[in-house]
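Below, all heavy atoms of this structure are taken into account, side chains as well, without hydrogens, waters or symmetry copies. Start at 1 and go down the list; that is how both ligands and their atoms are numbered. Heads up: numbering here begins at 1 and tracks the sequence. What you see is a predicted model; the values in this text were computed from it and never measured.
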Amino acid sequence: MSSPIATISRIGEHEGQSVTVRGWLYNLRESGKLLFPIFRDGTGLIQGVVAKNAVSPEVFDAVKTLTQESSVIVEGKVRADKRAPGGYELDVSSVQVLQKVPDSDPYPISLKEHGVDFLMEHRHLWVRTPRQAAILRVRAEIIRAARDFFDERGFTLTDPPILTPAACEGTTTLFPVDYFEEQAYLTQSGQLYIEATAMALGKVYSFGPTFRAEKSKTRRHLTEFWMVEPEVAYATLDDMMELAEGLLSFLVKRCLDRRRNDLQIIGRDVAKLEKIEPPFPRISYDDAVKMLQEGHQTGALETKFEWGGDLGSPDETYLSSKFEKPVMVHRYPASVKAFYMEPDPQRPDLALCVDVLAPEGYGEIIGGSQRMASYDLLVQRIHEHNLPEEAFKWYLDLRKYGSVPHAGFGMGIERAVAWICGLEHVRETIPFPRMLHRLYP
Ligand code: 4AD
Ligand code: MG
């Protein structure tokens with residue numbers, strides 16, 4: 001094919017010209033002497049028009065018998081058409097079929113509805129559908145925006161290890177790995193390591209895969225997920241709340257600016273996203289408990305929440321449905337949080353921590369805290385949590401050699417994608433989700 005190669009998302013640049021599109025057949029309609037194949041190339045969809053009297057019988061037949069997801073290279077002239085979804089149509093002049101999906105073994109995902117289990121079994125193919133592809137583009141945009149946000153603010157990216165000798169977020173959710181003669185675990189969070197790099201570089205962040213072996217079967221839990229974690233020397237809890245609301249607002253705005261079309265394909269109500277800008281509401285854990293108890297009184301929550309407990313998924317759903325912006329819940333009881341959190345000097349039974357709950361019932365998307373600066377208290381906490389002191393020797397060194405107040409947080413990329421895209425479940429936010437009972441494909 002002699003015409004220049006064009007991508008569908010930018011086909012308008014070639015209006016009136018002949019172009020080559022390389023992709024797959026998405027769908028085919030027929031109307032008398034006209035064929036209307038819809039092609040996709042990974043950037044979008046375009047409808048082709050094949051008129052029997054305008055092409056050779058071979059081309060007409062090749063298109064007429066084309067099966068869903070057959071790979072094709074098509075040549076045709078780009079024509080503006082206001083009624084067409086992308087604004088353009090392709091008057092097809094020739095077609096080269098690379099591989100035809102056989103009629104005897106058709107593409108398993110038809111354009112009709114399929115059950116979730118079936119789609120998950122065929123995730124390697126499901127990612128081709130326009131909605132799934134749009135979600136993956138938004139995911140990529142969020143990841144890029146998160147990096148830009150920190151890079152532009154003087155943070156240095158420092159990658160923590162994935163194989164680790166000890167727990168960060170508690171011992172109950174570790175994936176063990178046989179590391180030669182030693183016991184290792186897949187990391188739950190890069191935090192402890194970027195506390196070290198923060199003492200070296202001031203403002204750092206990490207962005208990588210993290211693992212939780214929790215047996216949670218909710219719409220928010222993956223066993224493998226990606227986390228972006230900033231860590232800042234000389235920072236406090238308040239600094240982190242400001243950074244968190246800045247980050248989330250930046251991510252949303254970036255998606256509205258650059259991925260509006262994808263959000264539309266996904267069916268997201270963008271009016272809700274337009275409202276996301278700082279400041280976000282901040283409530284204490286104590287206030288949250290009052291709200292949850294009211295929720296129980298009105299019958300919205302089944303069980304009565306008692307002060308001292310950790311928020312469960314239904315609690316977070318309830319709280320976050322009460323706000324139009326993400327809400328920042330701070331100062332939880334230290335007993336329900338990780339060992340490394342600094343106690344509130346005013347009330348040492350509370351931790352200087354924050355969970356950011358996304359609106360519309362999405363629940364926690366960010367968890368963070370000010371870190372414990374005292375060597376003695378940290379040793380005590382490590383013992384209280386039954387953690388092996390030996391494995392934390394290096395971490396304790398950070399409190400021996402120039403300890404400073406410092407703070408950070410982690411944002412789960414998949415939770416952010418689920419919220420920004422308005423998805424029911426995190427399984428659609430990552431190309432190949434890993435969940436309880438899901439290791440294939
Ligand atoms: O609240 P978490 O457990 O916090 C930490 O890991 C801290 N060490 C982070 C830090 O301070 N540097 O996890 C942080 C975020 C959660 O708010 C959530 O968005 C996401 O990671 N997350 C999960 N996402 C998907 N599936 C899971 N099982 C998740 N567990 C946590
Ligand atoms: Mg958390």
(message) I'd like to know whether ligand 1 has Ile366 as a neighbour, heavy-atom separation below 4.0 Å.
(response) yes

(message) Counting non-hydrogen protein atoms only, what is the nearest one to atom 17 (O) of ligand 1? Give residue, atom name and distance.
(response) Glu364 OE2, 2.6 Å

(request) Measure up the Trp226 and Phe207 rings against each other and bin them: parallel (under 30°), tilted (30 to 60°), perpendicular (over 60°). (result) tilted

(request) Check Glu414 against ligand 1 and report side chain, backbone, both or neither, counting heavy atoms closer than 4.0 Å. (result) neither

(request) State the atom name: nearest N, O or S atom of Glu364 to the Mg ion (ligand 2). (result) OE2

(request) Among all protein heavy atoms, pick the one closest to atom 18 (C) of ligand 1 and tell me residue, atom and distance. (result) Arg415 NH1, 3.6 Å

(request) Anything under 30° is parallel, anything over 60° is perpendicular, the rest tilted; go ahead and classify Tyr285 against Phe305. (result) perpendicular

(message) So, regarding Glu169 and ligand 1 (criterion: nitrogen or oxygen to nitrogen or oxygen, under 3.5 Å), is there a contact or not?
(response) yes

(message) Heavy atoms only: which of Arg212, Arg371, Glu229 lies closest to atom 6 (O) of ligand 1?
(response) Arg212

(request) Considering the heavy atoms of Arg220, write down every atom of ligand 1 situated less than 4.0 Å from one of them. (result) 25 (C), 26 (N)

(message) Side chain, backbone, both or neither: which applies to Trp419 and ligand 1 if a contact is any heavy-atom pair less than 4.0 Å apart?
(response) neither

(request) Report, in ascending order of atom number, the atoms of ligand 1 lying under 4.0 Å from any heavy atom of Tyr340. (result) 7 (C), 8 (N)

(request) May I ask you to check whether Trp394 and Tyr193 place their ring centres under 6.0 Å from each other? (result) yes

(message) Among Phe211, Tyr362, Phe225, which one puts a heavy atom closest to atom 23 (C) of ligand 1?
(response) Phe225

(message) Can you tell me how far apart CG (Leu396) and CZ (Arg399) are? Round to the nearest 0.5 Å.
(response) 7.5 Å

(request) Determine, using heavy atoms of Glu231 and all atoms of ligand 1, whether some pair is separated by less than 4.0 Å. (result) no

(message) For Phe409, which part has a heavy atom under 4.0 Å from ligand 1: side chain, backbone, both, or neither?
(response) backbone

(request) Determine the interplanar angle of the Phe118 and His114 rings, folded into 0 to 90°, and report it as parallel if under 30°, tilted if 30 to 60°, perpendicular if over 60°. (result) parallel

(request) State the CD1-CD distance between Ile365 and Glu414, to the nearest 0.5 angstrom. (result) 12.0 Å

(request) Note the single closest protein heavy atom to atom 28 (N) of ligand 1, along with its residue, its atom name and the distance in Å. (result) Glu214 OE2, 2.8 Å

